[in-house]
Amino acid sequence: MNNAVFRLERPHNEPVYRYDPDSEEVRQLQEEILRQSKACVDIPLIIGGREIRTGDTAEVRMPHDHGHRLAVYHKAGRAEVALAIESALAAKDAWMNLAWEERVSISLKAAELLGKKYRNLINAATILGQSKNIQQAEIDAACETIDYFRFNAYFASEIYRDQPMSSQLMLNRIEYRPLEGFVYAVTPFNFTAIASNLNMSPAIMGNVTVWKPSDTAILSNYYLMKLLQEAGVPDGVINFVPGDGPLVSGVVFAHREFAGLHFTGSNGTFNRLWRQIAENLDNYRSYPRVVGETGGKDFIFAHNSADLGALSTAIALGAFEYQGQKCSAASRAYIPASIWPQLEGELCARVAKILMGDAADAENLMGAVIDERAFDKIAGFLERAKVSPDVEVIAGGGSDKSKGYFVEPTILLCKNPHYETMETELFGPVMSVYIYDDDKFEETLALCNETSPYALTGSIFSNDRYAAMKACDALRYAAGNFYFNDKPTGAVVGQQPFGGSRASGTNDKAGGRFNLLRWVSPRTIKENLTPPTDVCYPHMF
């Protein structure tokens, strides 16, 4: 046995490929995109390391070309979900008793595999299956996933190293036990990196998971599962179980050994899952950990000292990158009246340059929204805005689902600060702008704070430090990630741990040590080196 005291150095973030025209990076990625475009992958469940095909199937189609089938995936039934739980529990003892440095070595190997062998594979699957443009796929599916693998290994080493003080009379230590049971990971469509992290952050701390991937991210998630297997994740530690959400959750939450939920998705789904957990509390061995990141109605707030070029760029990129389908996407802006005439011109000019189409085309900033349900929801908001006396559509407003689920980048000028698009999460490329009187800066800060139930991300644009700090204080609870003179998207692992509170989730900060601590149940151990031998205190004779 190697009994060395092992320590990891803090890693660096994975460099982002530029994909310059005619570069070797572009050539290799386009080859992989073409290869996957011509294939139709048969995607099984993976339970206990075994591939299982149920025959109950559904299709994976390109959002930007919904007539193009990329894959067919098999769906779990109740028996398969029960088998996944049994497989996870069967793998648990060996995995939790493996030295932590052996577990993190698997995570570090996964980072190397993704950085080289799997990079084009998973990026291409994210581009085609989730309609994410080349640069956004690189940032998410490759770099952020790699960062999670490396930084979680480092943060785990720091957690295990954190021990209580001892003395000459006693030896104190903390055992960071994994949870007693299994973790249920429910992952979203919009970030391939999140799908990986929702499984690997519990796993690296010695837990086992049952993984319900999003139906609209199956392709990239399947390749992630294959990568994790190749990296050395033992059979049964992570179990890949696509299927109907309510069916899978029903089996999971009825099990006595359910120990935790790791979730990213909609508020409605998270609330429903939490209620199901509460209804089953009497059945569980332990109180489950519930960790979730949900919605956002993220804001950009401008002071009249703001740099207009930086502000207009932040609004355009913050609102329209990945079609606004980020929990952190900017979707409402508060602009002082004195700068709006000039800002409007700059902003509309920037939006006019945005190209939309095939996500694999490097010229396109925007692809399609994820599916028809999302398209219909967003298009409904736009149609109501066009006839509302409270709204002026100043850019975009169009939509077309004849070939792909395309929604134009849209800016709505709202006269009413409580118009529905100022308050409701649309999860699409729609920015709602409210113009306020310059002398109502503080009053409008209060309005921004109180308008939305969410509290995920937000930013202040100001070159007046006093105004910036006033906004920071007034909006203290309005955003878990707050930015000065920057768009409210693009949190980087190890630099800006991510998460929000209020209706945006439990704020357990993915990308930092906070999240990993949720997946352990510490045990304090005291050894008395000189046990007392007398029942009397020293002053008693």
Side-chain angles (χ1 to χ4, degrees), residues 131-133 135-136 139-140 190-191 295-302 306-335 339-340 343-356 359 364-370 374-375 377-379 381-382 385 391-399 405-414 417 419-435 448 451-452 454 456-461 478-479 481-483 485-491 500 504:
S131 202
K132 188 166 280 197
N133 72 29
Q135 197 66 44
Q136 288 286 296
I139 292 167
D140 159 31
N190 57 339
F191 280 90
K297 190 62 185 172
D298 309 297
F299 60 86
I300 292 176
F301 199 106
D307 180 285
L308 299 190
L311 176 58
S312 61
T313 301
I315 293 173
L317 291 178
F320 304 133
E321 277 183 329
Y322 193 42
Q323 300 79 263
Q325 297 176 126
K326 301 180 182 182
C327 301
S328 59
S331 61
R332 55 184 171 126
Y334 298 84
I335 309 297
I339 68 172
W340 174 245
L343 178 66
E344 180 181 11
E346 290 194 19
L347 180 57
C348 290
R350 292 186 192 281
V351 173
K353 294 180 180 179
I354 293 175
L355 298 181
M356 179 175 64
N364 291 326
L365 179 73
M366 286 177 53
V369 298
I370 195 65
F375 175 92
K377 174 187 172 182
I378 299 162
F381 278 102
L382 295 183
V391 181
E392 179 186 354
V393 180
I394 63 172
S399 58
Y405 302 114
F406 292 106
V407 179
E408 291 180 348
T410 299
I411 301 175
L412 305 178
L413 185 59
C414 299
Y419 182 71
E420 61 176 352
T421 63
M422 291 292 298
E423 297 186 337
T424 306
E425 183 186 43
L426 277 62
F427 223 64
V430 181
M431 164 56 76
S432 297
V433 177
Y434 175 69
I435 309 303
C448 177
T451 291
S452 168
Y454 302 103
L456 190 54
T457 73
S459 64
I460 173 68
F461 274 77
N481 283 57
F482 192 68
Y483 298 80
N485 297 317
D486 198 4
K487 60 185 173 68
T489 65
S504 289

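Small disclaimer: the values here were computed from a predicted structure and weren't measured.
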Identify the two heavy atoms, one from [X] and one from [Y], that lie closest to each other, and give their separation to 0.1 Å.
X	Y	value
Tyr419	Ala385	OH-CA, 3.3 Å
Phe427	Ile378	O-CD1, 3.7 Å
Thr489	Ala329	CG2-CA, 3.7 Å
Gly296	Leu456	CA-CB, 4.3 Å
Ile300	Phe461	CG2-CD1, 3.9 Å
Cys414	Val391	SG-CG2, 4.4 Å

Between Tyr434 and Tyr334, what is the ring plane arrangement, given parallel below 30°, perpendicular above 60°, and tilted in between? perpendicular

Any side-chain to backbone donor/acceptor pair from [X] onto [Y]? Under 3.5 Å, distance only.
X	Y	answer
Lys297	Ser452	no
Glu425	Tyr454	no
Asn364	Ala359	no
Gln323	Gly367	yes
Asn190	Gln325	yes
Arg350	Ser312	no
Ser459	Asp486	yes

Atom [atom1] of [X] and atom [atom2] of [Y]: how far apart are they, to the nearest 0.5 Å?
X	Y	atom1	atom2	value
Met356	Asn133	CE	CG	13.5 Å
Glu346	Thr313	CD	OG1	8.0 Å
Leu365	Leu317	CG	CG	6.5 Å
Leu412	Ser432	CG	OG	4.5 Å
Ile354	Phe320	CD1	CZ	6.0 Å

Using the rule given for side chain to side chain contact (heavy atoms under 4.5 Å, CB included), can you reason through Phe381 versus Thr424, listing the C-alpha separation, both sets of side-chain angles and the distance that settles it, and then say yes or no? CA-CA 10 Å; Phe381 278 102; Thr424 306; 3.8 Å; yes

With side chain to side chain donor-acceptor pair (under 3.5 Å) as the criterion, how do Thr457 and Ser328 come out once you've worked through the C-alpha distance, each side chain's angles and the decisive distance to 0.1 Å? CA-CA 6 Å; Thr457 73; Ser328 59; 5.2 Å; no

Less than 4.5 Å apart, any side-chain heavy atom of [X] and any of [Y]?
X	Y	result
Leu311	Leu343	yes
Thr451	Phe299	no
Leu413	Trp340	yes
Ile460	Phe482	yes
Met366	Tyr322	no
Val369	Pro429	yes
Ile394	Cys348	yes
Val433	Arg332	no

Test Ile315 against Met431 for side chain to side chain contact (heavy atoms under 4.5 Å, CB included), laying out the working first. CA-CA 8 Å; Ile315 293 173; Met431 164 56 76; 3.9 Å; yes

Would Lys132 and Phe191 count as a cation-pi pair here, with the cationic atom under 6.0 angstrom from the ring centre and within 45° of the axis? yes

Side chain to side chain contact (heavy atoms under 4.5 Å, CB included), that's the test. Do Val407 and Phe375 meet it? Break it down for me. CA-CA 7 Å; Val407 179; Phe375 175 92; 3.8 Å; yes

Start with the C-alpha gap between Ile339 and Leu308, add the side-chain angles, then the distance that decides, and say whether side chain to side chain contact (heavy atoms under 4.5 Å, CB included) holds. CA-CA 8 Å; Ile339 68 172; Leu308 299 190; 3.8 Å; yes

Is the shortest side-chain N to carboxylate O distance from Lys487 to Glu321 below 4.0 Å? yes

